Trainee: 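First the structure, then my questions, so here it is.
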2 protein chains.
Amino acid sequence: MKKVLLKEIASIAGVVPSTVSCVLNGKAKERRISDDLAQKIKEIAEGVGYIPNQVAVSLRTGYSRILGLIVEDISNIFFATLAKVLEDEVQKHGYRVVYCSTENDKQKGTELLNMLYHRQVDGYIIAPALGMEESIKSLLKQHKPVVLVDRFFPGVGTTNVLVDNYGSTRKAIGFLLRQGYKRIAFVTTNRQMVQMQEREKAYKDELADSLSAVDEHIVLNIDYFNLYPAGREIITAFLLQNEGVDAVFFATNYLGMYGLQSLKTLGWKIPDRIAVVCFDDNDIFKLYSPGITCIRQPIHEIATAAAKRIIGQIESDRQPENEQVLIEGELVIRGSA
Amino acid sequence: MKKVLLKEIASIAGVVPSTVSCVLNGKAKERRISDDLAQKIKEIAEGVGYIPNQVAVSLRTGYSRILGLIVEDISNIFFATLAKVLEDEVQKHGYRVVYCSTENDKQKGTELLNMLYHRQVDGYIIAPALGMEESIKSLLKQHKPVVLVDRFFPGVGTTNVLVDNYGSTRKAIGFLLRQGYKRIAFVTTNRQMVQMQEREKAYKDELADSLSAVDEHIVLNIDYFNLYPAGREIITAFLLQNEGVDAVFFATNYLGMYGLQSLKTLGWKIPDRIAVVCFDDNDIFKLYSPGITCIRQPIHEIATAAAKRIIGQIESDRQPENEQVLIEGELVIRGSA
DNA sequence: CTGAAAGCGCTTACAG
DNA sequence: CTGAAAGCGCTTACAG
């Protein structure tokens, strides 16, 4: 663990530093260095536990083998799990990940991007906050490897990896309809985000296409900043106002968590009297409300797909393609259904 | 956002790069550069959005303004929150944080430490996995700034910041005793870790010092690798075997979460029939089990204290002191108690 | 006041 | 086969 330099191992081996560098970077053949010597150098390096100074390597080569991950909030279970899986995944290819939280703040997101840029990260994986569109465009313009996850900007030609919000929501609403529920409410938040719009559109489309559904949209939108701590009361009030509602779709897992509290307050039995469906980021409902039905976001698949794309871009030196990777959400049906 | 170099802004200003560097690093006075010129240079730099290449700065100065944070599992709510608060805190001083997960694997922990070391981080904040003792000692030997959080190695003279496990647990057990509970069970895991030992010792000491308590230790230890998914069944079986138990202390929040499920399965009403106390990392129980009593770990305070210590060490170039910072756990009493 | 030079630790094209 | 040199983008001691 003591810091040992390239030139030190060169002097031990009795060669010049460049020879050591070439051997250690697999260019022994090119330099036509004898196998014996190469072997000897490797053993010495191994013996003293030589690790190149990554800062120097970065400066010289322009590559850092670091990826930047920008998410909304690293303490959110969805992003934390995403980060972890991603980290494991890219490590197989010798990459490291540095994480940053935007807190959904455009300003902070842009600063973080700048910071990563000047630390010469090799690629960017971003769950963009609203308003980061311009920064991401300029990244693209410079042919930097970039993959968006969880959300995206419709007009920007990035590679995007996300759960199939539209299809999954249609599946879930369809399931509720087949169960015989007729007045299905939809509770959402952050309506300006594209992934939320997809979910809401799917709800409306599925109702429109159904013969049995009541032709009416029962939608509650809660502003993000009202979610805590008032979310529960808002949902309760909404359900009291809409007494005929017999099923609820919560468009995020946080809404589901608050909603569940409301429903219990109101004396609804789950899953006996009512069906509740929501997005579940990480099986969180299995633990707390075993009966609830939800759409599971396969975080592992999302992270793996994102890792594959970003590394592909870096190693092939391709520029980002306008590719949509939709990961199917899994409808997990629990309880009496 | 385009990359602009020091020498470019020098040529715009009509001076030599070193002049620009000095101005931007606040050494204009030392060099006796005229205020006018300094001002002009600053404006140009500002205008073109100059940000120094951090990699080059690091290589040259030996400082990266990056701190390494090594935790057990970044997707655990405790560590995720810790990371976030820490990040905000050190940012005020111009530092960034890179996070790494050890997964409680000695090997991985040591590798991560090596990696950070060779990326020249300025300081280390570590929630050490078992077996990282030697690596941490060698960090100390090299006078690297290091602060341990959440746990520590008794023999090693690091600065440690953690919740007062012993005192908090005594408070909680004392509370149960005053409520009139007599046969209090203690459910734990990872018994070899020092913070868990403190909690268990406090349980035993508090019972020993009490006149009303039954002089008997009802302790269940669940191996870490048995926790999921068998934890619930193990706790249920344990409680069925110990029918006289009228209160339970769960020594971690995960145990509490599993335990709650068990208790509900067994038909225990919380908080009416029984008191349950456990460590709560982030008010998680407030959402799911409003009635439960718990010890809240003030993550914010822990993170703030750790940030202050590590930055203090770096900036003063002091070597780590053997300082224990115990943050008091807050007993949050809810429900009918 | 200002410029030229060395050097952080590497990698790689070039010359022998 | 091997060595000497340049250069990545900065900072800072040194000489004028």
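Remember, it's a predicted structure, so these values are computed and weren't measured experimentally. Worth knowing before you read on, the calculation uses all heavy atoms, side chains too, and leaves out hydrogens, waters and symmetry mates. Just so we're on the same page: letters track the sequence lines, and every chain starts at 1.
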Trainee: In terms of side-chain heavy atoms, does B:Ser34 have a donor or acceptor partner in B:Asp36 at a distance below 3.5 Å?
Mentor: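 Judged by distance alone, the side chains do not pair up.
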Trainee: Side chain of B:Val57, heavy atoms from C-beta onward: which of D:dG9, D:dC8, D:dT11 has the nearest atom to it?
Mentor: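 Comparing D:dG9, D:dC8, D:dT11 against the side chain of B:Val57, the answer is D:dT11.
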Trainee: Among D:dG9, D:dT11, C:dG9, find the nucleotide with the atom closest to the side chain of A:Arg60.
Mentor: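 Among D:dG9, D:dT11, C:dG9, the one nearest the side chain of A:Arg60 is C:dG9.
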Trainee: Tell me: CG of B:Leu6 to C1' of D:dG7, nearest whole Å?
Mentor: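 B:Leu6 atom CG is separated from D:dG7 atom C1' by 16 Å.
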Trainee: What does A:Ser34 touch in the nucleic acid at a heavy-atom separation under 4.0 angstrom: a base, only the sugar-phosphate, or nothing?
Mentor: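 Sugar-phosphate, backbone atoms only, no base.
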Trainee: What is the distance from CD of A:Glu8 to P of C:dG9, rounded to the nearest Å?
Mentor: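 To the nearest whole Å, that distance equals 9 Å.
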Trainee: Base, sugar-phosphate, or nothing: which does A:Ser21 touch, judged by heavy atoms less than 4.0 Å apart?
Mentor: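 Counting heavy atoms under 4.0 Å across all strands, the contact made by A:Ser21 includes a base.
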Trainee: Side-chain N or O of B:Tyr63 versus OP1/OP2 of D:dC10: is the shortest distance under 4.0 Å?
Mentor: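 No, no such contact exists.
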Trainee: Return the 5'-most residue of the pair A:Thr61, A:Thr19 with respect to DNA chain D, ranking by each residue's nearest nucleotide.
Mentor: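 It is A:Thr19 whose nearest nucleotide is closer to the 5' end.
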Trainee: Of the candidate nucleotides D:dG9, D:dT11, C:dC10, which contains the atom at the shortest distance from the side chain of B:Asn53?
Mentor: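 Nearest to the side-chain atoms of B:Asn53, counting from C-beta on, is D:dG9.
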Trainee: Find the distance B:Gln54:CD to C:dC8:C1' and express it as a whole number of Å.
Mentor: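 Distance check: B:Gln54 CD to C:dC8 C1' gives 15 Å.
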Trainee: Think B:Lys27 has a side-chain N or O under 4.0 angstrom from the OP1 or OP2 of D:dT11?
Mentor: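 So the side-chain polar atoms of B:Lys27 never come under 4.0 Å of the phosphate oxygens OP1 or OP2 of D:dT11.
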Trainee: Rounding to an integer number of Å, can you tell me how far A:Ile51 CD1 sits from C:dG9 P?
Mentor: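 A:Ile51 atom CD1 is separated from C:dG9 atom P by 15 Å.
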Trainee: Return whichever of A:Cys22 or B:Ala56 has its heavy-atom-nearest nucleotide of DNA chain C closer to the 5' end.
Mentor: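 Final value for this comparison: B:Ala56.
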Trainee: Hey, is B:Glu87 close enough to B:Arg96 for a salt bridge, meaning N to O under 4.0 Å?
Mentor: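 Counted as a salt bridge, because a side-chain N and a carboxylate O are separated by less than 4.0 Å.
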Trainee: Output yes when at least one side-chain N/O atom of B:Tyr50 is less than 4.0 Å from OP1 or OP2 of D:dG9, else no.
Mentor: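 False: B:Tyr50 side-chain N/O out of range (4.0 Å or more) of D:dG9 OP1/OP2.
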Trainee: Indicate yes or no for a side-chain donor-acceptor contact from A:Ser58 to the backbone of A:Tyr63 under 3.5 Å, with no hydrogens or angles considered.
Mentor: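 Yes.
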Trainee: In whole Å, I'd like the distance from the CG atom of B:Leu37 to the C1' atom of C:dT2.
Mentor: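 Taking atom C1' of C:dT2 as the reference, CG of B:Leu37 is at 10 Å.
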Trainee: Checking base pairs now: Watson-Crick or wobble, both atom distances under 3.5 Å. What partners D:dA4?
Mentor: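 Partner of D:dA4: none.
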Trainee: Please check: side-chain N/O of B:Glu103 versus main-chain N/O of B:Asp73, any donor-acceptor pairing under 3.5 Å?
Mentor: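 No, because the side chain of B:Glu103 does not come within donor-acceptor range (under 3.5 Å) of the backbone of B:Asp73.
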Trainee: Please state how far atom CG in B:Leu24 lies from atom C1' in D:dT11, giving the value in whole angstrom units.
Mentor: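 For the pair B:Leu24 CG and D:dT11 C1', the rounded distance is 12 Å.
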Trainee: Among C:dG9, D:dC10, C:dA4, which nucleotide sits nearest the side chain of B:Leu59?
Mentor: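 Comparing C:dG9, D:dC10, C:dA4 against the side chain of B:Leu59, the answer is C:dG9.
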Trainee: Check every atom of D:dA5, D:dT2, D:dT12 against the side chain of A:Ser18 and return the nucleotide holding the closest atom.
Mentor: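 Taking heavy atoms from C-beta onward, the closest nucleotide is D:dA5.
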Trainee: Let me spell it out: for each of A:Ile33 and B:Pro17, pick the nucleotide of DNA chain D with the closest heavy atom. Which residue's pick is nearer the 5' end?
Mentor: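 Looking at DNA chain D, the more 5' nearest nucleotide goes with A:Ile33.
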Trainee: For the OG1 atom of B:Thr159 and the NZ atom of B:Lys308, what is their distance to the nearest 0.5 Å?
Mentor: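 B:Thr159 atom OG1 to B:Lys308 atom NZ measures 12.0 Å (nearest 0.5 Å).
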Trainee: Expressed in angstrom and rounded to an integer, what is the separation of A:Asp36 atom CG from D:dT2 atom C1'?
Mentor: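 A:Asp36 atom CG is separated from D:dT2 atom C1' by 16 Å.
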Trainee: Pairing donors with acceptors under 3.5 angstrom, does anything connect the side chains of A:Gln142 and A:Tyr117?
Mentor: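 Present: a donor and an acceptor within the cut-off.
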Trainee: Rounding to an integer number of Å, can you tell me how far A:Gln120 CD sits from D:dC8 P?
Mentor: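 Rounded to the whole Å, the gap is 12 Å.
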